[in-house]
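Here is the naming used below: chain letters follow the sequence lines, and residue numbers restart at 1 for every chain.
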2 protein chains.
Amino acid sequence: MELAEKEAVPRRKTGRPLSFDRDAALEQAMLTFWRYGYETTSIVDLTTAMGVTAPSLYTAFGDKKRLFLEAARRYAGDPEAMAQALDDAETACDAARAMLTSAATAFTGEATPRGCLLASATASGSSASADVQQAITDIRGGVAIRLRARITRDVEAGILPLDLDVAALAGMVMAIIQGMSVMARDGMDRPELLAIVERTLQAWPVCRT
Amino acid sequence: MELAEKEAVPRRKTGRPLSFDRDAALEQAMLTFWRYGYETTSIVDLTTAMGVTAPSLYTAFGDKKRLFLEAARRYAGDPEAMAQALDDAETACDAARAMLTSAATAFTGEATPRGCLLASATASGSSASADVQQAITDIRGGVAIRLRARITRDVEAGILPLDLDVAALAGMVMAIIQGMSVMARDGMDRPELLAIVERTLQAWPVCRT
DNA sequence: CGAGTTCCATAGTGACCGCTCTGAAATAGA
DNA sequence: TCTATTTCAGAGCGGTCACTATGGAACTCG
């Protein structure tokens, strides 16, 4: 539940120090979950990638679920920073374009797995991990909420029509992001994804002005 | 490899007959994979849903991989029928609209799991199932190819502009389908998905004429 | 230097995984 | 009815799963 509270500063004063870089290990865990998914990544996969033994992993991160959620939070980045980026864009259309192009770029990185961790890692799973799936769903929902808020701001500013279906417009952007994740995993390259982004933005009301 | 050949008619003449409806059992297997994914569905999950014992499952379907691929083929339906439906539509835009609305409807059915089996069941997985993931990717790719062909037909007929990026337009439709699968799984209802479809189709060149 | 604390690696734990061995039961053809 | 063939259900195969008990090693503090 409130596992984010004691996480930041549980710093011990005495005792043997950590023999590995916790942050670097978390990064490797994130990349492993990104590539193989939550349930379909084994502890052995993780310990191998992170370069630590199983007991060290459990001491440092709790268990597989908490490690995954921490990795997912690291992947998602600071929600406030995303909200700020959306707000800083001149228009909601610019904000959406920035979201989509950065997604298309991130999904086709050379040094990372393809696609989106949040879209693929818990896309399916047993009922035993329903709570983890819900947590990731909530992160996605948070992005959608912030995007809708940014669009609504443009409606209220008179930039977008008053009768606009804000949820549908935001939903289109979210759907393209999740869809591009699948297609990037299928091997589609970055220019193709960016072309999809530009085509999709043609659906934006009066964005072309 | 060529497991589709001897499948249709391996009918034995003697011996104890099957005590269950193979087709109905396959249907239940499909629904189970649809809900829980490929690797994250256990044999016990399957035998429970199908109402058969493990040895019966293996005798009738081979192994987990072959059962899944057969279920996926059943889910995808006849590719020729889909190609025919695309061709029968008056325009490529109508064909795309039909694809998208039927996807939005199928992803929010009352009697089925939510989302798309082909989009979610192998969205992530260990490297041990890379061949299964590739098989599902190929099915998705087949849909994209047929959609591009239908769009190209409209370009050649002068309905769509000659300089149209066909791959990008088809990719947009495919991305929306995969994306709606995720959002349907997140709980989005049918009217919301259909609103996304209509908004997205605003990006279609001169579809509104 | 101890005492106390924390992390280390080895070597497991029971539970579940996909899958199959076994022998009885049910059919078709002789 | 007898034989051959196929499916049935129960029990269990080796392997992997997430996770941990244990005892020694490395640190801080007094």
Item to complete: Over all heavy atoms of both residues, which pair between A:Leu169 and A:Pro205 is shortest? Give the atoms and the distance, please.
Response: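 Result for this residue pair: CD2-CD, 4.0 Å.
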
So, [X] side chain and [Y] main chain: donor-acceptor pair closer than 3.5 Å or not?
X: B:Glu198; Y: B:Ala195; value: no
X: B:Ser120; Y: A:Ser124; value: no
X: B:Arg114; Y: B:Met188; value: yes
X: B:Trp34; Y: B:Gly115; value: yes
X: A:Arg190; Y: A:Thr108; value: yes
X: B:Arg150; Y: B:Leu86; value: yes

Worksheet item: Taking only N and O in the side chain of A:Ser19, is any of them less than 4.0 Å away from OP1 or OP2 of C:dC7?
Response: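 For C:dC7, OP1/OP2 do not have a side-chain N/O of A:Ser19 under 4.0 Å.
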
Worksheet item: OP1 or OP2 of D:dT7 sitting under 4.0 Å from any side-chain N/O of B:Ser56?
Response: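 It does not, given that no N or O in the side chain of B:Ser56 lies less than 4.0 Å from OP1 or OP2 of D:dT7.
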
Could you state the [atom1]-[atom2] distance from [X] to [N], rounded to the nearest angstrom?
X: A:Leu67; N: D:dC19; atom1: CG; atom2: P; value: 10 Å
X: B:Tyr58; N: C:dC17; atom1: OH; atom2: P; value: 11 Å
X: A:Leu57; N: C:dC8; atom1: CG; atom2: C1'; value: 14 Å
X: B:Leu18; N: D:dA9; atom1: CG; atom2: P; value: 11 Å
X: B:Asp21; N: D:dT7; atom1: CG; atom2: P; value: 15 Å

Worksheet item: Does anything in residues 123-135 of chain A reach DNA chain D, meaning a heavy atom under 4.0 Å, and if so which residues?
Response: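 Contacts with DNA chain D under 4.0 Å: none.
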
Practice prompt. Please list residues of residues 32-53 of chain B whose heavy atoms come under 4.0 Å from any atom in DNA chain D, ordered by number; otherwise none.
Written response: B:Thr53

Worksheet item: Quick one: do the B:Glu39 and A:Thr40 side chains pair a donor with an acceptor below 3.5 Å?
Response: no

Discussion item. For A:Ser181 and B:Gln178: C-alpha separation, side-chain torsions, deciding distance, then whether side chain to side chain contact (heavy atoms under 4.5 Å, CB included) applies.
Written reply: CA-CA 9 Å; A:Ser181 172; B:Gln178 320 289 343; over 6 Å; no

Item to complete: Treat primed atoms plus P, OP1 and OP2 as sugar-phosphate and everything else as base, then score nucleotides 22-30 of chain D 5' to 3': B for base contact with protein heavy atoms under 4.0 Å, S for sugar-phosphate contact only, - for none.
Response: --BBBBSS-

Worksheet entry | Salt bridge B:Asp186-A:Arg140, side-chain N to carboxylate O under 4.0 Å | yes

Worksheet item: What orientation do B:Phe33 and B:Tyr38 show, parallel under 30°, tilted 30 to 60°, or perpendicular over 60°?
Response: tilted

